[in-house]
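Computation of the quantities below employed the complete heavy-atom set of this structure, encompassing side-chain atoms and omitting hydrogens, waters and symmetry-equivalent molecules.
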Amino acid sequence: KLALYQAIPQALKSIVQLGMPNILAETRSGMTVSEIVSEIIRQNNSSQSVEPQQQQQINKAALLRILRLLSTAGIVQEQVRASISGASSPLNDYVYSLTASGSLLQETNSSFATSMIQYFLDEPVWNAWKALPDYVSGKHTEIPFDAGNGVSSEEYYGNSEHSQSLHYANQFVQCVQ
């Protein structure tokens, strides 16, 4: 069970980045993986935030595994859907809906949970956490952020290449103030 503690946050990050909490909140009966992917593509086409070539690259099998993992963590609920056509497929046999915990990830309800996930699981912060064991054990004296990213936080966030990371950090700070 402890091994999953790293996978669950990354799965949360994946669904937040895809906008799935808001998508799943739109229906009470739940959605299949295929329906979720179709809605992600529809919304991306509307916002034009993703290139058409990238839209077709959503890995449905990986998304199914993530949703199943998140169902064990109480973020989504998985239910069997009766097959109308008689053809069975894991992508269409199960529907997923948000639990009370999962609904906290909706951008419309509370930006705190979403901001926290985006910030703490963003690459520079994740790198800092990975550097923590060597810092605690005394192998390195450099603070974990600097050791994990090769530069100080001021240098990292001051670089225009990392504007999205700075955005996540600022969103999170605004929520906790």
Side-chain angles (χ1 to χ4, degrees), residues 2 4-28 30-31 36-37 39-51 54-55 57-59 62-63 66-67 69-77 96-136 140-177:
L2 283 175
L4 292 178
Y5 287 163
Q6 182 174 348
I8 290 171
Q10 292 297 334
L12 285 170
K13 180 181 179 182
S14 298
I15 68 163
V16 165
Q17 287 182 334
L18 289 170
M20 285 178 47
N22 290 343
I23 290 170
L24 289 173
E26 294 174 2
T27 177
R28 291 193 185 274
M31 299 174 79
I36 294 167
V37 169
E39 184 59 19
I40 291 169
I41 291 170
R42 188 192 69 73
Q43 288 186 9
N44 286 340
N45 283 338
S46 297
S47 69
Q48 305 212 352
S49 63
V50 176
E51 296 295 320
Q54 292 175 320
Q55 293 174 358
Q57 295 179 5
I58 295 174
N59 185 328
L63 186 56
I66 285 173
L67 287 168
L69 174 64
L70 292 176
S71 73
T72 67
I75 302 299
V76 297
Q77 182 177 16
Y96 297 89
S97 57
L98 292 176
T99 63
S101 296
S103 68
L104 296 174
L105 300 173
Q106 295 175 64
E107 290 177 15
T108 54
N109 276 357
S110 167
S111 61
F112 177 73
T114 299
S115 296
M116 183 177 65
I117 289 167
Q118 289 175 325
Y119 172 67
F120 280 110
L121 298 177
D122 195 30
E123 186 176 1
V125 178
W126 194 255
N127 290 343
W129 284 111
K130 291 191 307 187
L132 185 63
D134 286 343
Y135 181 71
V136 171
H140 297 287
T141 57
E142 193 174 25
I143 64 169
F145 188 97
D146 298 2
N149 294 289
V151 295
S152 70
S153 60
E154 292 83 11
E155 291 176 70
Y156 187 91
Y157 291 119
N159 184 326
S160 63
E161 291 179 17
H162 304 126
S163 61
Q164 188 64 46
S165 292
L166 179 60
H167 174 73
Y168 292 152
N170 286 337
Q171 272 187 317
F172 177 70
V173 169
Q174 288 173 359
C175 287
V176 295
Q177 288 181 340

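- Between the CG atom in Leu166 and the CD atom in Gln171 there is a gap of 10.5 Å [rounded to 0.5 Å].
- Here the straight-line distance linking atom OH of Tyr168 with atom CD1 of Ile117 works out to 11.5 Å at 0.5 Å rounding.
- Side chains of Pro21 and Ile15 form a contact here, defined as non-hydrogen atoms less than 4.5 Å apart.
- Panel note: side chain Gln10, backbone Ala7; no donor-acceptor pair is recorded below 3.5 Å.
- Residues Asp146 and Ser153 approach most closely at OD1-N, 3.7 Å, considering heavy atoms.
- Asn127 places no side-chain N or O within donor-acceptor distance of the main-chain N or O of Asn149, the cut-off being under 3.5 Å.
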- [ ] Could you give me the CA-CA distance, side-chain angles and deciding distance for Gln106 and Leu98, then say whether side-chain contact (heavy atoms from CB on, under 4.5 Å) is met?
- [x] CA-CA 10 Å; Gln106 295 175 64; Leu98 292 176; 4.0 Å; yes

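- Residues satisfying the ring-ring contact (aromatic ring centres under 6.0 Å, His included) test with Tyr119, not counting sequence neighbours, are Phe172.
- With rounding to the nearest 0.5 Å, the separation of CD1 in Ile8 from CG in Leu12 is 7.5 Å.
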- [ ] Go through the steps to decide whether Ser101 and Ile75 satisfy the test side-chain contact (heavy atoms from CB on, under 4.5 Å), and finish with yes or no.
- [x] CA-CA 6 Å; Ser101 296; Ile75 302 299; 4.3 Å; yes

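- Taking each heavy atom of Asn22 and Glu26 in turn, the nearest pair found is O-CG, 3.3 Å.
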Task: Worked verdict on Ile41 versus Val37 for side-chain contact (heavy atoms from CB on, under 4.5 Å) - done: CA-CA 6 Å; Ile41 291 170; Val37 169; 3.9 Å; yes

Counting only pairs under 3.5 Å, give me each side-chain donor-acceptor contact of residues 156-163, with atom names and distances, residues two or more places apart or in other chains.
| residue | atom | partner | partner atom | Å |
| --- | --- | --- | --- | --- |
| Asn159 | OD1 | Glu161 | N | 2.8 |
| His162 | ND1 | Tyr156 | O | 3.0 |

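- Rounding to the nearest 0.5 Å gives a distance of 7.5 Å between OG1 of Thr72 and CG of Leu70.
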TODO: May I have the step-by-step check of side-chain contact (heavy atoms from CB on, under 4.5 Å) for Met20 and Val76, ending in yes or no?
DONE: CA-CA 11 Å; Met20 285 178 47; Val76 297; over 6 Å; no

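- Closest approach of Gly148 and Ala131 over heavy atoms only: N-CB, 3.9 Å.
- The NZ atom of Lys13 sits 11.5 Å away from atom CD1 of Ile66, with the distance rounded to the nearest 0.5 Å.
- Remark: Gln17 CD is packed, more than 12 non-hydrogen atoms of other residues, nucleotides or ligands lying under 6.0 Å away.
- With rounding to the nearest 0.5 angstrom, the CG atom of Leu121 is 9.0 Å from the OG atom of Ser14.
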